[in-house]
2 protein chains.
Amino acid sequence: MYSNDMHELGTRPSCIRELFEYGNKRAAECGRENVYDYSRGNPSVPAPALVGETLRELTTRDSLSVHGYTSAPGDPNVRKAIADDLTGRAGMNIDASDLFITCGAAPALVSTMMAVAVPGGEVIAIAPYFPEYGVFIKPSGMKLVVVTADTESFQINFEKLGAAINPNTQALIVNSPNNPSGVVLSRETLTKLAGILSAKSAEYGHPIYIISDEPYRELVYDGLEVPFIPGIYPNTIICYSYSKSLSLPGDRIGYVCIPKCCADHDDLVPALAGSARTLGHVCAPSIMQKTVEKCVKLRPDIKTYDENRTDLYNALTDIGFTAVKPMGAFYLLMKAPDGDSLAFSEAAKKYNLLIVPCDDFGCPGWMRLCTAVSHDMILRSIPAFAKLYADYAAK
Amino acid sequence: MYSNDMHELGTRPSCIRELFEYGNKRAAECGRENVYDYSRGNPSVPAPALVGETLRELTTRDSLSVHGYTSAPGDPNVRKAIADDLTGRAGMNIDASDLFITCGAAPALVSTMMAVAVPGGEVIAIAPYFPEYGVFIKPSGMKLVVVTADTESFQINFEKLGAAINPNTQALIVNSPNNPSGVVLSRETLTKLAGILSAKSAEYGHPIYIISDEPYRELVYDGLEVPFIPGIYPNTIICYSYSKSLSLPGDRIGYVCIPKCCADHDDLVPALAGSARTLGHVCAPSIMQKTVEKCVKLRPDIKTYDENRTDLYNALTDIGFTAVKPMGAFYLLMKAPDGDSLAFSEAAKKYNLLIVPCDDFGCPGWMRLCTAVSHDMILRSIPAFAKLYADYAAK
């Protein structure tokens, strides 16, 4: 006797997991250096030296305080440090009490959706979107509504969005810089989005929240602006993770920020505390909270990721592939030449290229390549891409 | 627009939290050394030196591996180390694949209840029980059924238990050593429990699981046996935390163990992975996993806790209070002299004694005193207890 729903979720085939296992098998057969794994989402840049220095320093402090429970929303000093850093660049005041520190962005998203949930509520995701959103929404009891991708600009197809919004719409998830497209939503796009959501909120008599899933916020190229969304649309809740900015994905540290300007702020804050509690959240890892406190002003090593995205993009388009030049994050979208992404992922295995079809991201026909890999692997993989392209050209 | 349920949970008054805030207020007024705070549940013994040594050593290793994602159930080497340690003392083989590493016992319990949930299912808690069970059960959709406490032996009232079990019973939570009673369930009690659950499982045609919440497993006095429950009742799922044994409560590291002998093992393992995924579990904090790997064989400093429980128990009973001598954990139960525990907690504040009434633990009339405090605070608090007793005697 067990939960059929949970069993289904735990056994559902995952393309990324299968590629991972295939990669291990091939590495054992032909050497790790001959497998070109573009399937993962791990940062390829080490954590900044200050992370290690801080951890070492923390081991010399009072153990009971370093390793003890913090309050559920997080250590007050840590929240203050994060709030000050945000205030410095958000163009608005963020207070420590607006922050709830979580075990990364995933539980931040789950508890946020639970906090804004009403019976019959719906949450909109704009494709391409992170497939786990469909899992993360479950505890809220709400329904995920997907707006199909605008594969020209990868901004937002406002016509389709307009058709998806209805009185049950409680929230819309924005993920910019985007996984998997690498696209950053422009201020223009976000302003238009804010106008639509404001009008619909007024029409329906309740706020439609933006849930901004922004773990890649600082990972942006060419000095591009990543607008602070609450400054454009006040009813925005931010879900953040230090996974990418500090290269700490396994250590599970992030936060939810509900700015004061957000409708029902004073009720959403305790609702979030309630939902986190339901998930078994006691506090985010104490030692990582205190590490973030010292490292909160560090920004990721853009140079390395930039070199990767530029060289991979140039190589692929030189070969003849259609690709989207990433504006941020560490993914690159390329088109399956014949539009069949699942078949393309299979065909790529012949050359030990592991690339993820974006069907589960709501973007069939496209492939996701993670650029957070070694630059050397990119260079070594180019001939394999060329052969793959030639196979398709010869069809 | 927000979730009323979550808001209610996030704003529900908490006796422990209120005592905590009252304690801070009094400390500001009359000095921390004059406030006798028995309300918390934090270990009072520092983490073993090996924890700090391991953390320092980890900062010298490859950052991407130390801080990177592990697989969702945990790093294979860490699971192997935990499994080997368990096998060595469980009297049965525990395999790495039987373990799912979590962010502490709280999400372990939430995901376990979700994994065994069926529509209309019920979970039994035996009072006194940890009040958060009532919150942790929510995502499973099941109902918590409380068997009232046997305040003579604090073992299990089997008559009441028998009346509570019905065909909807999916699981029973056992917490031994117990928070708040400090009682360890004897092998005799557990064997009787196993007999009843086996008979009822056969009658209803489905297993009734024991969910063994055992963060205090190693915290036991006088060399008392804490039986490994799967050896007595195979359909047992263990939820464990290193919070107490390694004094790492804030760092959120524990596990679920589903031994091979457990009914539906091969389906429960993926069901647990599914439920953890739903909660936004990606992996337990990677650096803490690797710390546990090196510290897995360490046991808590019983001597310090033992001295506390002995001296506090003797002092309270010498004064005239009725108390339960703790067999394990770091709590001590004492009786409110007139049976009104809420009023007693209020009356105790007069002498700056912060003690938790056990009404929310399903044990009205009793008080919980945490013995994980400084020994010096215990000694200084005795006169306050004596005055409090005298007030009640004079009534």
Side-chain angles (χ1 to χ4, degrees), chain A residues 1-3 5-11 42-44 46-47 52 55-56 59 63-64 67-70 103-104 106-107 109-110 114-118 135-136 138-139 170 206-207 247-252 264 267-268 270-275 277-288, chain B residues 1-3 5-11 42-44 46-47 52 55-56 59 63-64 67-70 103-104 106-110 114-118 135-136 138-139 170 206-207 247-252 264 267-268 270-275 277-283 285-288:
Chain A
M1 291 284 275
Y2 51 86
S3 162
D5 283 0
M6 294 304 120
H7 187 268
E8 191 278 324
L9 254 183
T11 51
N42 261 321
S44 57
L55 283 166
R56 285 192 291 278
T59 65
S63 162
L64 298 181
H67 301 296
Y69 293 116
T70 71
C103 295
L109 287 162
V110 178
M114 288 173 80
V116 303
V118 296
V135 180
F136 295 163
K138 281 181 184 286
Q170 276 297 106
H206 69 82
S247 292
L248 299 172
D251 290 325
R252 314 310 305 138
D264 294 323
D267 289 311
L268 280 174
L272 185 75
S275 58
R277 188 177 165 189
T278 311
L279 302 176
H281 168 97
V282 176
C283 62
S286 179
I287 197 169
M288 295 318 302
Chain B
M1 290 284 274
Y2 50 86
S3 162
D5 283 1
M6 294 305 120
H7 186 269
E8 191 278 322
L9 255 182
T11 52
N42 262 320
S44 58
L55 282 167
R56 284 192 292 277
T59 64
S63 161
L64 298 182
H67 301 295
Y69 294 116
T70 71
C103 296
L109 287 161
V110 178
M114 288 172 81
V116 302
V118 296
V135 179
F136 295 162
K138 281 181 184 287
Q170 276 296 105
H206 69 81
S247 291
L248 299 172
D251 290 325
R252 314 312 305 139
D264 295 322
D267 289 312
L268 280 174
L272 185 75
S275 58
R277 189 178 165 189
T278 310
L279 303 176
H281 169 97
V282 176
C283 62
S286 179
I287 197 168
M288 295 318 301

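FYI, side chains are in, hydrogens and waters are out, and symmetry mates aren't considered; it's all heavy atoms of this structure. Labels below follow one simple rule: chain letters A, B, ... track the order of the sequence lines, proteins then strands, and each chain is numbered from 1.
- Within the 4.5 angstrom heavy-atom criterion, no atom of A:E8 approaches chain B.
- For the pair B:H7/A:D264, no side-chain contact is recorded, criterion being any heavy-atom separation below 4.5 Å from C-beta on.
- Chain A forms more heavy-atom pairs under 4.5 Å with one residue of B:L268, B:L109, B:N42 than with any other, namely B:N42.
- For the pair A:M114 and B:L9, the minimum side-chain heavy-atom distance is 4.5 Å or more.
- Within the 4.5 angstrom heavy-atom criterion, atoms from both the backbone and the side chain of B:S286 approach chain A.
- With chain A as partner, the option from B:A273, B:P107, B:A108 having the largest number of non-hydrogen pairs under 4.5 angstrom is B:P107.
- Here the side chains of A:D5 and B:T278 are not in contact, with every heavy-atom distance at 4.5 Å or above.
- Residue contact with chain B, scored on non-hydrogen atoms closer than 4.5 Å, involves the backbone and the side chain of A:A47 alike.
- Looking at B:V118, only its side chain comes within 4.5 Å of chain A, counting heavy atoms on both sides.
- When A:G280, A:G250, A:G10 are compared by the number of non-hydrogen pairs under 4.5 Å with chain B, A:G250 comes out ahead.
- Contact annotation for B:S247: only backbone heavy atoms (N, CA, C, O) come within less than 4.5 Å of a heavy atom of chain A.
- Interface summary for chain B: among A:S63, A:C103, A:P43, the most heavy-atom pairs under 4.5 angstrom belong to A:S63.
- Here the closest heavy-atom approach between residue A:G68 and residue B:P249 is recorded as CA-CG, 3.9 Å.
- A:L272 contributes atom CG, which lies 11.0 Å from atom OG of B:S3 (distance to the nearest 0.5 angstrom).
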Please determine whether side chain to side chain contact (heavy atoms under 4.5 Å, CB included) holds for the pair B:R252 and A:Y69, giving the CA-CA distance in whole Å, both sets of side-chain angles, and the decisive distance to 0.1 Å.
CA-CA 9 Å; B:R252 314 312 305 139; A:Y69 293 116; 3.8 Å; yes
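- Most heavy-atom pairs under 4.5 Å with chain A, from the set B:T11, B:L279, B:D267: that is B:D267.
- Interface check for chain A: of the options B:L55, B:V116, B:I287, the most heavy-atom pairs under 4.5 Å are formed by B:I287.
- For the set A:C283, A:A106, A:A271, the entry with the most heavy-atom pairs within less than 4.5 Å of chain B is A:A271.
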